Amino acid sequence: MKKNKKGFTLAELLIVVAIIGVLVAISIPIFSRQLEKSRDAVSIASIRSAYAVAMSDMLTYNGYQGENGSGTGQNNYIHEENGTRIYVNHAGSKYYVSAVWVKVNVKSKKANDWSGLADNLPFTLTDTNKNPATVASTHPHGDMGKDFSENKDTYVAFYFDSKGTGNLQYAYIFQNGKS
């Protein structure tokens, strides 16, 4: 009578483990890149929402004749809620919106170019408080760079023209708070 051996040999098991190890080694960097792209998509969606808030506030408060804001000049703002500040200036007896700062939720973990998603924004997002026309295009889409910290509040500041017409001049992203 022949003995029937069931099971795998050690060599067969080692080959299977080696193949699984190679597949894992290949998939981890791909998964990491896709995870970062999804974080970038969330960040850009948050920035798009901030743009909608800024435009809504600009339309609401341009020509505002209500109570005085607190402060003078660029530090004169009407209200602050949910991290949003609406900065106003005077044009005669009316206010006009000069800037809107909106707190955004940035999920990106590293310095990057937002995975190319910022190319489709309806404005140029810089990482410096200067008009993009005067800024070198080293970071034309607000690359947060090495100083980015998850522990700081992130804002997008939308600056409108100085004539009170409500035309968006530029937007920039910055962080504020303790790290």
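Note that the structure is predicted; figures quoted are calculated from it, not measured. In what follows, residues are counted from 1 in the order of the sequence shown.
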Practice item. Decide side-chain contact (heavy atoms from CB on, under 4.5 Å) for D57 and V97; before the verdict, give the C-alpha distance in whole Å, the side-chain angles of both, and the deciding distance to 0.1 Å. Key: CA-CA 8 Å; D57 287 344; V97 176; over 6 Å; no

Exercise for review: Please work out whether the ring planes of Y170 and Y159 are parallel, tilted or perpendicular, with thresholds of 30° and 60°.
Suggested key: parallel

**Study point:** Worked check of side-chain contact (heavy atoms from CB on, under 4.5 Å) between T60 and I86
**Key:** CA-CA 10 Å; T60 301; I86 303 168; over 6 Å; no

**Study point:** Interatomic distance, Y172 atom OH to W101 atom CH2 [nearest 0.5 angstrom]
**Key:** 5.5 Å

Exercise for review: State, to 0.1 Å, how close D161 and Y96 come at their nearest heavy-atom pair, and which atoms those are.
Suggested key: O-CE1, 4.0 Å

**Study point:** S43 side chain vs R39 backbone, donor-acceptor pair below 3.5 Å
**Key:** yes

Practice item. Would you mind reporting whether L117 and R48 have side-chain heavy atoms less than 4.5 Å apart? Key: no

Revision key, fill the gap. Closest non-hydrogen contact found for V104 with I47 is CG1-CA, 4.4 Å

Exercise for review: With sequence neighbours excluded, tell me which residues meet side-chain contact (heavy atoms from CB on, under 4.5 Å) with M55.
Suggested key: Y51, M58, F160

Review point. What residues form a side-chain contact (heavy atoms from CB on, under 4.5 Å) with N105, not counting sequence neighbours?
Key: S46, K107

**Study point:** Same apolar cluster: L59 and V102, side chain cutoff 4.5 Å
**Key:** yes

Let me have the donor-acceptor pairs involving side chains of residues 13-32, under 3.5 Å, with sequence neighbours excluded, atom names and distances please.
from	atom 1	to	atom 2	distance (Å)
S27	OG	L23	O	3.1
S27	OG	V24	O	3.2
S32	OG	I28	O	3.1

